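Please read the structure below before turning to the comments.
Everything numeric in this text was worked out from a predicted model, so none of it was measured. Reminder, nothing fancy here: chain letters follow the sequence lines and each chain counts from 1.
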Protein chains: 2
Amino acid sequence: MDNQKVLDKFKRILKSENLKVTPQRLSILKEAVMPKGHRDIEQIMHDLIDSGIKVSRATLYRTLDILHTNGFIRKMNIGDGADRYETKIDSPHHDHMICIETGKIIEFTSDKIESIQEKIAKDNGYKIVKHIHQLFVKPINK
Amino acid sequence: MDNQKVLDKFKRILKSENLKVTPQRLSILKEAVMPKGHRDIEQIMHDLIDSGIKVSRATLYRTLDILHTNGFIRKMNIGDGADRYETKIDSPHHDHMICIETGKIIEFTSDKIESIQEKIAKDNGYKIVKHIHQLFVKPINK
DNA sequence: GTTTCTGCAAAGCCTTTGCATATCG
DNA sequence: CGATATGCAAAGGCTTTGCAGAAAC
């Protein structure tokens with residue numbers, strides 16, 4: 001999706017919720033929506049500073065929450081402390097494989113797993129709202 | 001597995017690691033290893049108190065860590081705050097389905113999912129050390 | 001007797017929140 | 001101007017940790 005479209009969509013959403021269009025929110029949107037992997041608040045904060053943008057941690061948390069709620073970014077946690085955020089723009093659904101030796105995060109998908117999951121939920125009288133599927137791995141031959 | 005066996009195994013492990021056999025540790029073992037679902041510290045604390053046992057939160061955390069490290073219990077987190085603990089005694093591997101309306105946690109397993117996972121990891125040059133698979137669901141027809 | 005524990009309270013870590021001031025519309 | 005944001009610092013929620021007295025071996 002084109003940057004302008006994303007920006008326009010964000011502004012539209014802000015207005016529809018009586019939220020104001022501020023420079024901080026626009027800067028955070030632009031940064032958070034970049035395909036830069038699975039960053040925590042600290043890393044995003046740094047990347048913003050590197051771009052010459054200064055916002056408070058509080059505003060960053062608050063704005064990431066708006067972005068998450070409105071489907072611009074995903075929020076995840078691999079159990080190592082802080083929440084991580086990842087763009088959702090032009091990024092289809094996937095799950096995560098985390099190397100416990102290097103920390104590298106690899107994305108994977110499996111239609112088969114997805115459909116088996118659906119069936120399991122359905123067989124129990126439920127439908128899936130969201131799911132977390134993380135494989136903690138280490139290199140073979142080590 | 002019989003209670004006495006579990007107790008003996010725990011004592012053996014404590015000794016082998018130069019840890020002392022204390023009444024607190026034994027009480028916590030007995031409580032934590034019961035098939036009482038997926039409890040957080042607060043709930044376990046309460047259950048201990050109901051049994052007339054008083055230990056500090058610090059000791060509870062410390063002992064649950066020993067039990068987790070040595071395979072007596074599992075540790076999990078469904079993203080709602082506190083870590084949860086579940087017995088591993090006589091409890092085969094399973095994943096979790098969490099109803100977002102009632103909070104109910106249902107266990108499920110799928111050999112197919114397990115083997116697809118293994119293959120995905122292997123195809124990427126990794127082997128799985130552990131995994132987290134949680135389905136957040138809600139009842140059909142609501 | 002020495003080593004390890006326990007309980008307490010304090011500290012840590014990440015995230016949220018109250019409030020005064022600043023900014024948007 | 002009125003309504004909402006921002007930044008700061010304080011507070012929150014859960015977990016970990018330092019330390020002095022207590023218990024295990």
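In this structure, B/Lys54 reaches the sugar-phosphate backbone alone: every heavy-atom distance under 4.0 Å involves primed, P, OP1 or OP2 atoms, never a base. Contacts of B/Asp40 with the nucleic acid, taken as non-hydrogen atoms under 4.0 Å apart, are absent.
A/Asp95 and A/His131 share a donor-acceptor pair across their side chains, judged by distance under 3.5 Å alone. In the model, A/Gln43 has no side-chain atom that pairs as donor or acceptor with a side-chain atom of A/Asp47 under 3.5 Å.
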Every protein N/O lying under 3.5 Å from an N/O of nucleotides 15-18 of chain D:
{"from": "D/dT15", "atom 1": "OP1", "to": "B/Asp83", "atom 2": "N", "distance (Å)": "2.9"}
{"from": "D/dT15", "atom 1": "OP1", "to": "B/Asp83", "atom 2": "OD2", "distance (Å)": "3.2"}
{"from": "D/dT15", "atom 1": "OP2", "to": "B/Tyr61", "atom 2": "OH", "distance (Å)": "2.3"}
{"from": "D/dT15", "atom 1": "O5'", "to": "B/Tyr61", "atom 2": "OH", "distance (Å)": "3.2"}

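Rounded to whole Å, the distance from CG on B/Leu14 to P on D/dC25 is 9 Å. One interatomic measurement links the two molecules: CD1 of B/Ile28 to C1' of C/dC5, which rounds to 11 Å at whole-angstrom precision. B/Ile66 places its CD1 atom 13 Å from the P atom of C/dT4, with the value rounded to the nearest Å. Following rounding to the nearest Å, B/Arg25 (CZ) and D/dC25 (C1') show an atom-to-atom distance of 13 Å. Nucleotide C/dT23 holds its P atom 16 Å from the CG atom of A/Leu26, rounded to whole Å. As a whole-Å value, the separation of A/Lys15 NZ from D/dT4 C1' is 15 Å. Going from atom NE2 of A/His68 over to atom P of C/dT16 covers 12 Å, rounded to whole Å. A straight line from CG of A/Leu60 to P of D/dC8 spans 13 Å, rounded to a whole angstrom.
Distances from the side chain of B/Ser56 to the nucleotides D/dG7, C/dG7, C/dC5 place C/dG7 closest.
OP1 or OP2 of D/dT4 has not a single side-chain nitrogen or oxygen of A/Thr22 nearer than 4.0 Å. For the pair B/Gln24 and C/dG7, the criterion of a side-chain N or O lying under 4.0 Å from OP1 or OP2 is met. For the OP1/OP2 pair of D/dG7 and a distance below 4.0 Å, the side-chain nitrogens and oxygens of A/Thr59 include at least one atom meeting the criterion.
Of the options A/Ile66, A/Leu48, A/Thr22, A/Ile53, a side-chain contact (heavy atoms from CB on, under 4.5 Å) to A/Ile28 is made by A/Leu48 and by none of the others. For the side-chain contact (heavy atoms from CB on, under 4.5 Å) with A/Ile98, the qualifying choice from A/Ile78, A/Leu135, A/Ile106 is A/Ile78, the only one to do so.
In this structure, the separation between CD on B/Glu86 and NZ on B/Lys75 is 14.0 Å, given to the nearest 0.5 Å.
A/His38 and A/His94 have perpendicular rings, their planes meeting at more than 60° on a 0 to 90° scale where under 30° would count as parallel.
A/Lys20 contributes a side-chain N or O that forms a donor-acceptor pair with the base of D/dA3 under 3.5 Å.
When every heavy atom of B/Tyr126 is checked against every heavy atom of A/Met97, the shortest pair comes out as CD1-CE, 4.5 Å.
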